[in-house]
Amino acid sequence: MKSAQVNLSGFFSWLSLLILFGCCVMQWPAFAGHGTENNNSQRQARLVFTSEIPRIAETEHGDYAELATLLKQYRRAPEPLFFLFGGDSLGPSTLSSFDRGAHIIDLLNLLEPDAMGVAKREFSFFEDELSQRSYEASFPLVASNLFDPITGANLDGLESSVLVQQGDIKLGVIAVLSPAAHEQYPLKRVMIFDAKTAVREQAMLLRQAGAELVVLLYSASFDFIDQLLTQQVIDLALRKNELFRLTSDAKAPASTRHINLMASSQVAVLDLSWQKSAPATLQVKPQIVLLKNFAPEPRVLNVVKNHSARLEQLLGEKIGVTTVALDSSRRSVRSEENAFANLMADAVRQHAGADIALLNSGNIRGEKQYAAGTTLTRRDISMELPYRNQVVLLQITGQQLWSALENALSEFELLRGRFAQVSGMQVRFNSSNVVGKRVLDVTVQGKTLDLRKNYRLATFDYLASGGDGYKMLTELPQLNYPNQMNKLVAEVVVDYIKQQHQIAPEVEGRLQDLGRNTP
């Protein structure tokens, strides 16, 4: 049930004619009044929205096969149905580390979304891979505040906005990214400009092109969303934020026009009603449903299984046993020292022969509990470390290391992935101090950090290129090491576990937060 789509790229070529025609209409009252009764008629539609489904066949929450069943059920109803997908799904996952998210586009093609918003995780494999995915998609990918100097406009293959149609109803779709995405995913050329300005500009174009309602898809915290809803610049704002419940300062939207899904299994089903040509009359009846409550659709499930089978033989290899319980939950790895993260950091430091290691916790994605005695497989490690990062060895001064640690703690309250896990050092900090003054003291292999001394730091190439705000690492000398090779971090950790056969990583005081007990 593919929707009709209108590309706005040629809009200005006929805009002047439209304005001239509008002036003529204003001079002909009888003509202008024709169809008034139809313009005030009641309009109804249904909108299905979700996002953040990077994994298939690895989750108990349901994925694309269950979503297909949900859509099939609602598409049987007489109301026009729009399906908008919010993105954040091309990575990270075990399979995406091999095919750069191509299987996600393959599955979405079966589900026929009207449009997909581009979010930060669509840049997991950088701009050119995203551009390639856009040409594999049978639906438009929308990013409203990107600029690529190569094209002089948007990234090749992406739309700045799109007009989609079901029946005789047209919706305008906008999607914006936060500039912070540029820090988390160090883009090679694409620039992210002001989101609020982009929303206003694209909303105006969509209204002029005939959009009855304008829908904004977004994936980061913006303070202007409710303002734009109140000013009727946009009519609906849709987001999925699985971190919402983990952050203490988050506030749920008060309006039914502003939807924020908060769990991986959630899908918003919105019944919309309004008077034609009067978007201010929009009434929204939201229903939040869970994917896991739907049976998988057989055809899509078969495609999911086929994709999963491609990795089954490789990923099923047994590599070792953990004799202690391990926890890779997001809160644990992004706010405190973590035993699994210690294992990862030790493996990377040993691999590079470094004095110390510093790794961003956002690379750990398993969200899993391992009981003591669990036999670990290659699949477990690939799931925990799905990004295609490699190990680099840098020469760093104590002062530069201190700056890197301050960056690691700069968004502590938000549970950002820049929070660092370390090896070969102990860091005492106070998370309640102001940003930039949180590190209290650092010791390296039992000795106080010398701010003027050079150290050999093992880290990821992602951080060495400035990812997650680690700009201070971008100019550091890169060193060679004896067993240097193009090996992914997941493979480094697999080899480390296989060498030991049994592992028992512990929390041992590498990261100590003196602010946890602060009133």
Side-chain angles (χ1 to χ4, degrees), residues 45-56 58-71 73-74 81-93 104 107-108 111 113-122 142 171 173-178 181 195 213-226 228-229 234-272 282 284-294 329-331 365 367 414-416:
R46 179 170 285 147
L47 190 154
V48 172
F49 166 77
T50 194
S51 66
E52 289 191 54
I53 312 180
R55 296 181 186 172
I56 62 170
E58 296 178 355
T59 173
E60 62 186 23
H61 304 298
D63 53 59
Y64 296 92
E66 290 77 11
L67 181 56
T69 299
L70 181 155
L71 289 167
Q73 174 180 314
Y74 283 106
L81 185 134
F82 294 88
F83 169 38
L84 300 181
F85 189 70
D88 254 343
S89 300
L90 295 190
S93 72
I104 297 296
L107 290 165
L108 283 171
L111 273 59
D114 294 280
M116 169 180 156
V118 171
K120 64 180 182 181
R121 292 177 187 165
E122 272 62 70
V142 182
L171 295 187
V173 181
I174 303 169
V176 292
L177 298 100
S178 166
L213 301 175
V214 174
V215 183
L216 171 65
L217 309 180
Y218 73 106
S219 55
S221 296
F222 293 112
D223 59 7
F224 57 77
I225 303 296
D226 289 328
L228 295 186
L229 284 167
I234 57 176
D235 304 301
L236 280 171
L238 307 176
R239 181 190 186 190
K240 189 174 186 181
N241 177 18
E242 296 179 20
L243 280 176
F244 183 87
R245 295 175 300 171
L246 301 180
T247 52
S248 58
D249 59 345
K251 296 181 180 179
S255 170
T256 56
R257 295 188 181 200
H258 191 179
I259 302 297
N260 190 344
L261 300 178
M262 295 178 285
S264 57
S265 185
Q266 289 185 339
V267 178
V269 180
L270 310 177
D271 287 327
L272 313 177
L282 175 66
V284 181
K285 293 183 179 179
Q287 181 185 6
I288 308 302
V289 299
L290 302 179
L291 281 180
K292 62 183 180 181
N293 292 338
F294 291 81
S329 64
R330 191 186 305 250
R331 177 176 288 280
R365 294 283 176 163
E367 288 278 358
L414 301 176
L415 298 178
R416 298 297 193 200

**Item:** With Glu52, the salt bridge (Lys or Arg N to Asp or Glu O under 4.0 Å) member among Arg239, Lys240, Arg121, Lys120
**Value:** Arg121

**Prompt:** What is the distance from atom CG of Leu216 to atom CG of Leu238, rounded to the nearest 0.5 Å?
**Reply:** 7.5 Å

**Message:** So Thr50 and Gln266, do their side chains get closer than 4.5 Å, heavy atoms only?
**Reply:** no

**Item:** Where Arg46 and Asp271 come nearest, the two heavy atoms and their spacing
**Value:** NE-OD1, 2.7 Å

**Item:** 4.5 Å side-chain heavy-atom contact, His61 and Leu291
**Value:** no

**Item:** Contacts of Ser219 that satisfy side-chain hydrogen bond (donor to acceptor under 3.5 Å, both in side chains) - sequence neighbours left out
**Value:** none

**Request:** Can you run down the salt bridge (charged side-chain N to carboxylate O under 4.0 Å, His left out) pairs that involve residues 214-223, sequence neighbours left out, and say none if there aren't any?
**Result:** none

**Prompt:** side-chain hydrogen bond (donor to acceptor under 3.5 Å, both in side chains) with Asn293: which residues, sequence neighbours excluded?
**Reply:** none

**Asked** Is there a donor-acceptor pair under 3.5 Å between the side chain of Glu122 and the backbone N or O of Ala119?
**Response** yes

**Message:** Give me the atom names and distance for the closest heavy-atom approach of Ser93 to Pro54.
**Reply:** CB-O, 3.2 Å

**Which residues share a side-chain contact (heavy atoms from CB on, under 4.5 Å) with Ala237, sequence neighbours left out** = Tyr218, Ile225, Leu229, Ile234, His258

**Request:** Name the orientation class of the two ring planes belonging to Phe85 and Phe83 (parallel below 30°, tilted from 30 to 60°, perpendicular beyond 60°).
**Result:** perpendicular

**Prompt:** Looking at Leu81 and Val48, what are the two nearest heavy atoms and their distance?
**Reply:** CD1-CG2, 4.0 Å

**Message:** Nearest 0.5 angstrom please: Leu213 CG to Leu236 CG, how far?
**Reply:** 6.5 Å

**Asked** Which residues satisfy the side-chain hydrogen bond (donor to acceptor under 3.5 Å, both in side chains) test with Ser221, sequence neighbours excluded?
**Response** none

**Item:** Non-neighbouring partners of Lys292 that pass side-chain contact (heavy atoms from CB on, under 4.5 Å), sequence neighbours left out
**Value:** Ser265, Leu290

**Request:** Can you see which heavy atom on Met116 is nearest to which on Leu108, and at what distance?
**Result:** SD-CD1, 3.9 Å

**Prompt:** Shortest non-hydrogen contact from Val118 to Leu177?
**Reply:** O-CG, 3.6 Å

**Item:** Pairwise side-chain contact, Tyr64 with Ile56, heavy-atom cut-off 4.5 Å (strictly under)
**Value:** yes

**Message:** If you compare all heavy atoms of Ser89 against all heavy atoms of Ser51, which two are closest, and at what distance to 0.1 Å?
**Reply:** OG-C, 4.4 Å

**Request:** Decide yes or no for Phe294 and Leu67: does some side-chain heavy atom of the first lie under 4.5 Å from some side-chain heavy atom of the second?
**Result:** no

**Asked** Given side chains that start at C-beta, do those of Asp63 and Leu107 come closer than 4.5 Å, heavy atoms only?
**Response** no

**Item:** Heavy-atom side-chain contact between Tyr74 and Val289 under 4.5 Å
**Value:** yes

**Message:** Between Leu282 and Leu272, is there a side-chain heavy-atom distance shorter than 4.5 Å?
**Reply:** yes

**Prompt:** So Val173 and Phe82, side chain to side chain contact (heavy atoms under 4.5 Å, CB included) or not? Walk me through it.
**Reply:** CA-CA 11 Å; Val173 181; Phe82 294 88; over 6 Å; no

**Asked** Is there side-chain contact between Val142 and Leu217, with at least one heavy-atom pair below 4.5 Å?
**Response** no

